[in-house]
Amino acid sequence: MVLDTGLTTQDNGYLAVESAHIGSIQGMDADSQATTLQLLNIWRKHYPRNTLRTGYYLAHYGYKGVAYSIPASMRAMAKPMIGWPNKAVRALADLSTFEGFNAPESLQSRVDDLCDVSMLDVKVPQCVVSAYTHGCAFLTVSLDDEGRTLITPRSADWSAAIWDWTHNRIKAALTITDKDKHGYITAFRVWLPYVVWDCHRDSGPYLGRWVAEPVETGFDRPTVVPFVHDEQLNRPFGSSRITRPLMALTDFGLRTLVRMEATAEFYAAPRIWFLGANKGQVSPDTWSSLLQVINGVPASKNGDKPEMRQLSQASMQPHADMLRSVALMVAAETDIPATDLGITVDNPGSAEAMAEAERKLSRTADRQNLRFGRALRDALGMALIAEGASDEDINRIRPVWAPTKETSDAAHADYYAKVAGVNPSFANSDVGLSKAGLSWQEIREQRAWEQSERAKQQLDQLRAQTNAQKEPPQDATDHGGGTNEP
């Protein structure tokens, strides 16, 4: 299959669709094998569109224009110069900053260790970008070679899943884990209830045969959680931020810029016509003739003098106006302010208008952080259950996201002082400190410092009591001249 995305087999993420045609898998039961073949078919079906969106995100899309409007040489030189799809994804993804989990004291250290081993501080932002690019991503819970529990993000273009409409969760999933240098799949995992099948190509005497090894999980569901953007009742796996209108507008904008460049190239040198002169009277090296100090064209045999006409430079304003219109349509499609798309306005809006334009994105990010947080908590819950944690403690875990709306330190301090004045217990709570502008990491450092100070105070008190007990008792009547009686 040939995909018009600009991606080739040399690209790191490219996969050969034909390598997903698998006949049978050695060691896998019939029901699991039927589900695996269904998942591979789903992956083959959706991979072209996922790759297309990846191409637009990475600016690997090609020029799609009218053949007769632009010379062939200009069409060959036309390269992607508009990054609106990337901007649509990153502008919203930058508002989802994952700071960690707030867990009960009995679980906080285990949760922190699990997040550190899984590198969620750097993996979650990548998962957010992938979800906005393809509509969804996946979080898998598994054990590594050392027996540690891991939460691993998976991209949609390397995964496939079947939705369980009855239980409102994933019924089965497939994640591709390895490929060769030509893009051929060499290993994948199938996630089913109670078992994960680790499938790979046999490298022994039966080269090319697929072999599966089961790994028991103990869960009555696949240990896979969807990480979805814009989930709907009829679209449980969401939709991409790189929509069809956005891709069409990106192509429209590129065509406009190419036409603008072609027009500029056509009028780069002055266009001069000599009326009444034959071709032999004009030097073939037009550019050299223009640069010479003295130029002339002789009269004809009849004494008629040639008349010179110069074509006026075409205006770039119509092209600029069209590009501006396209950018405004992109802004309406993505809720990104037009100024962030490279469009300047003659009358800039007020601070309130600009804040309201940015607030559209922050409201969307707030809704998405709730959905992303639920997915992270579900994946973390399965990982902790596998380690023996109780359901009561797991239900008290709360994901922490940085505020999506920027607020000045003065506004934070004013809000904190007013609420703390009415409710003193609010001042020293985690919620109060977060409203004061402290990040989750700063709050944890503050709590650790307070605990250290309390430990020092208790130690000082214990030392004072010990020293008091060691001192010999002094008689109240002793003024320094007599002896104490026992």
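Below, all heavy atoms of this structure are taken into account, side chains as well, without hydrogens, waters or symmetry copies.
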Side chains of H200 and T186: does their closest heavy-atom pair fall under 4.5 Å? no
Any donor-acceptor pair under 3.5 Å linking the side chain of R241 with the backbone of T334? yes
For a quick check under 3.5 Å, do T36 and W197 share a side-chain donor-acceptor pair by atom type? no
Counting the benzene-type ring for Trp, do W210 and F188 have ring centres under 6.0 Å apart? yes
T54-H60 side chain donor-acceptor pair, cut-off 3.5 Å: no
Could you pull out the closest heavy-atom pair between L139 and L376, with the gap in Å? CD1-CD2, 3.7 Å
Check C136 against A156 and note the closest heavy-atom contact, atom names and distance. O-CB, 3.2 Å
Drop me the distance from L114's CG to L150's CG, to the nearest 0.5 angstrom. 8.0 Å
Could you walk me through whether I394 and I385 satisfy the side-chain contact (heavy atoms from CB on, under 4.5 Å) test, starting with their C-alpha distance in whole Å, then the side-chain angles of each, then the deciding distance to 0.1 Å, before giving a yes or no? CA-CA 8 Å; I394 292 175; I385 289 175; 3.4 Å; yes
Does I185 offer a backbone N or O that forms a donor-acceptor pair with the side chain of S19 under 3.5 Å? yes
Could you go through the side-chain contact (heavy atoms from CB on, under 4.5 Å) check for Q368 and E231 one step at a time? CA-CA 9 Å; Q368 281 301 131; E231 178 183 2; over 6 Å; no
Measuring from atom OG1 of T256 to atom CE of M322, what distance do you get when rounded to the nearest 0.5 angstrom? 5.5 Å
Please report the interatomic distance CG(D180) to CZ(R201), rounded to the nearest 0.5 Å. 8.0 Å
Is there a side-chain contact between I336 and V330 (heavy atoms, below 4.5 Å)? no
Any side-chain heavy-atom pair of N41 and Q38 under 4.5 Å: no
So, does H229 use its side chain to make a donor-acceptor pair with the main chain of S239 at under 3.5 Å? yes
Flag, side chain of D164 to backbone of N168, donor-acceptor distance under 3.5 Å: no
Shortest non-hydrogen contact between D178 and W158, atoms and distance: N-CZ3, 4.5 Å
Identified side-chain hydrogen bond (donor to acceptor under 3.5 Å, both in side chains) counterpart of T404 within the set D366, N369, D94: D366
Looking only at heavy atoms, the pair that brings A103 and I397 closest together is CB-CG1, 4.0 Å
For R367 and L370: C-alpha separation, side-chain torsions, deciding distance, then whether side-chain contact (heavy atoms from CB on, under 4.5 Å) applies. CA-CA 5 Å; R367 292 193 298 268; L370 290 176; 5.6 Å; no
Quick one: does L257's side chain get under 4.5 Å of Y63's, heavy atoms only? no
For the residue pair R53 and L246, establish whether any side-chain heavy-atom pair is separated by less than 4.5 Å. no
Is a donor on one side and an acceptor on the other found under 3.5 Å between the side chain of S240 and the backbone of I242? yes
Which is it for L174 and S159 under the side-chain contact (heavy atoms from CB on, under 4.5 Å) test, yes or no, and what are the steps along the way? CA-CA 5 Å; L174 178 144; S159 308; over 6 Å; no
Is the side chain of Q461 donor-acceptor paired with the backbone N or O of K456 at a distance under 3.5 Å, no angle test? no
Take atom CG of D145 as the centre, draw a 6.0 Å sphere, and report whether it contains more than 12 heavy atoms from other residues, nucleotides or ligands. no
So W191 and T175, side chain to side chain donor-acceptor pair (under 3.5 Å) or not? Walk me through it. CA-CA 8 Å; W191 308 79; T175 57; 2.9 Å; yes
Nearest heavy-atom pair of L92 and L361: which atoms, and what distance? CD1-O, 3.5 Å
Any sub-3.5 Å donor-acceptor pair from R44's side-chain atoms to A20's backbone N or O? yes
T133 vs Y56 side-chain heavy atoms within contact, under 4.5 Å: no
All pairs passing salt bridge (charged side-chain N to carboxylate O under 4.0 Å, His left out) where residues 112-126 contributes a residue, at least two apart: D112-R444
Neighbour count above 12 (heavy atom, 6.0 Å) for M329 CE: no
Within the 4.5 Å heavy-atom criterion, are S96 and W401 side-chain neighbours or not? yes
Output yes when a side-chain donor or acceptor of R110 lies under 3.5 Å from a complementary backbone atom of E387, and no otherwise. yes
Do you see a donor-acceptor pair shorter than 3.5 Å between the side chains of T243 and E333? yes
When rounded to the nearest 0.5 angstrom, what distance separates CG in N102 from CG in L107? 11.5 Å
OG1/T140 to CZ/R189 distance, rounded to the nearest 0.5 angstrom? 7.5 Å
Rounded to the nearest 0.5 Å, how far apart are CG of L384 and OG of S390? 9.5 Å
Min side-chain heavy-atom separation V228-R371 under 4.5 Å: no
Ignoring hydrogens and geometry, is there a side-chain-to-backbone donor-acceptor pair from Y47 to L15 under 3.5 Å? yes
Using only heavy-atom distances, determine whether the side chains of D230 and Q232 contain a donor-acceptor pair under 3.5 Å. yes
Is the closest basic N to carboxylate O distance between R255 and D251 below 4.0 Å? no
Please find the pair of heavy atoms, one from L254 and one from G62, that lie closest to each other, and give the distance. CD2-O, 4.3 Å
Can you give each donor-acceptor pair under 3.5 Å made by side-chain atoms of residues 215-227, sequence neighbours left out, with the distance rounded to 0.1 Å?
residue, atom, partner, partner atom, Å
T217, OG1, Y194, O, 3.4
T217, OG1, F219, N, 3.4
T223, OG1, V141, O, 3.0

Under 3.5 Å donor-acceptor, S155 side chain and S130 backbone: no
